[in-house]
Amino acid sequence: MTRPDFGGKPEGERLRRMMSSPHWAEGQFQNLDPMAAPPANRSQFEIMSEFLFDRNPARFPVGILPHMKTNLAQLPQNQFVWLGHSGFFLRMEGVSVIIDPALHQAFPLPGFYKPFPGADAYQPRDLPAADLLVITHDHYDHLDYETVKELKSRVKRAVCPLGVGAHLEAWGWEPERITELDWFEVTKAGPLTITALPSQHFSGRTFKRNETLWAGYMFSANGVNVYHSGDTSWGRHFAQIREMFPRIDIALLEDGQYNEDWPGVHLLPKAWGEALEVIRPEAVLAMHNSKFCLSRHSWQEPLERALATTRADGFSLLTPEIGEAVALDPALRMGTREWWKTA
């Protein structure tokens, strides 16, 4: 329990602020709704055993994933690059933002949950200087110790949910460079407004859960709204987000690492489509896939299901390769390409 990548523990004024949140009760943060339970006929032992010992080869790509290596330091304005899983580099109205850059691996012990070949194209050294580092929650596949430690000297400020700043401070980030937000709170960086939004999930880097908050975000500038869902399952927060933001230009919506055995943790495919129907973005990118094997579905399944859902319901699906630049302006974007079928 002394490993540095476990992070820090909230205390003092940080803890007092957390405890004053309307989303804190019974010694921890709470979801807006109770988390959906696993099937009643399935024990935790069965669920974990099948997950750990599933040898289905379709969970992993056969070869190297198609990818590009865009020079992020020279990325034009109002474009973004998917780094795989939930990671992005966004340049919006002059502000550069790095979101959930898990570039190392998704577990603290060496050799576990490494990125797929090709999905590891970007290393921490490839991330340029940026205005903001934005973290959705403190799980290892979103808050990566190795990446965040290296970014400390290249990023002006970090934005994260309540309590997550304790990890950053433990890794050498100065408190004055950390902005912690509760749900519905707002911070600004130049012309960019960042709104922390609810998600239906949990947190924790050790065996104790929910000592820090989890969140999604809306990035808004010059009338354009880009939504990053963070990790989430189905919940009434989608209706709240739609009410606050009737227009969402691009939704980066979690789609992957789901399973019927943990319905309250991630969006199941049916719920992914229902979330789209509620928030109704102009375009959607299915993220949280194609980098780590954290569930039992085939690695291609989330993308196949997203394609079928958007075609049936009339939504525009963005399908960049990892590392490929995407324009916020719809007139400059590429069409849907099924790149995963070539891997």
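Keep in mind that this is a model prediction, so the values were computed, not measured. Position 1 is the first residue of the sequence; numbering continues from there.
Remark: side-chain polar atoms of His228 are not paired, donor with acceptor, to backbone N or O of Phe219 under 3.5 angstrom. Side chain of Arg205 to main chain of Asp138: a donor-acceptor pair is present (N/O by atom type, distance under 3.5 Å, no hydrogens or angles). Looking only at distances, no side-chain donor or acceptor of Arg296 sits under 3.5 Å from a matching main-chain atom of Asn259. Glu254 places no side-chain N or O within 3.5 Å of a backbone atom of His288 that could act as its donor or acceptor partner. A donor-acceptor pair under 3.5 Å links the side-chain atoms of Arg177 to the main chain of Val155, judged by distance alone. For the pair Trp173 (side chain) and Glu176 (backbone), a donor-acceptor distance under 3.5 Å is absent. Distance alone, capped at 3.5 Å, is enough to place a donor-acceptor pair between the Arg333 side chain and the Ala327 backbone.
Pairing each heavy atom of Leu162 with each of Ser21, the nearest pair is CD1-CB, 4.0 Å. Residues Pro161 and Tyr217 approach most closely at CD-OH, 3.3 Å, considering heavy atoms. A pairwise comparison of heavy atoms in Phe60 and Cys293 identifies CE2-CB, 3.6 Å as the closest pair.
Ring geometry for Phe116 against Trp299 counts as perpendicular: the plane angle is over 60°, on a 0 to 90° scale with 30° as the lower cut. Relative ring orientation between Phe29 and Trp24 is described as perpendicular, the plane-to-plane angle rising above 60° on a 0-90° scale split at 30° and 60°.
Using a cut-off of 4.0 Å between Lys/Arg side-chain N and Asp/Glu carboxylate O, Glu169 and Arg14 are scored as salt-bridged. Salt-bridge check for Lys114 with Asp120: failed, with every basic side-chain N at 4.0 Å or more from each acidic carboxylate O.
The CG atom of Asn31 lies 7.0 Å from the OG atom of Ser233; values are rounded to the nearest 0.5 Å.
Side-chain N/O atoms of His85 and Asp100 include no donor and acceptor closer than 3.5 Å. A donor-acceptor pair shorter than 3.5 Å cannot be found between the side chains of Gln200 and His237. Side-chain polar atoms of Asp231 and His139 form no donor-acceptor pair below 3.5 angstrom. A donor-acceptor contact closer than 3.5 angstrom links the side chains of Arg157 and Thr187.
Separation of the Tyr258 and His297 ring centroids falls under the 6.0 Å cut-off.
Each of Ile99, Val226, Leu285, Val97 was evaluated against Phe80; a single residue qualifies, Leu285, per the side chain to side chain contact (heavy atoms under 4.5 Å, CB included) test.
The side-chain hydrogen bond (donor to acceptor under 3.5 Å, both in side chains) analysis of residues 272-287, with sequence neighbours excluded, yields the pairs Lys270-Glu274, Glu277-Arg280.
More than 12 heavy atoms of other residues, nucleotides or ligands sit less than 6.0 Å from atom NZ of Lys152.
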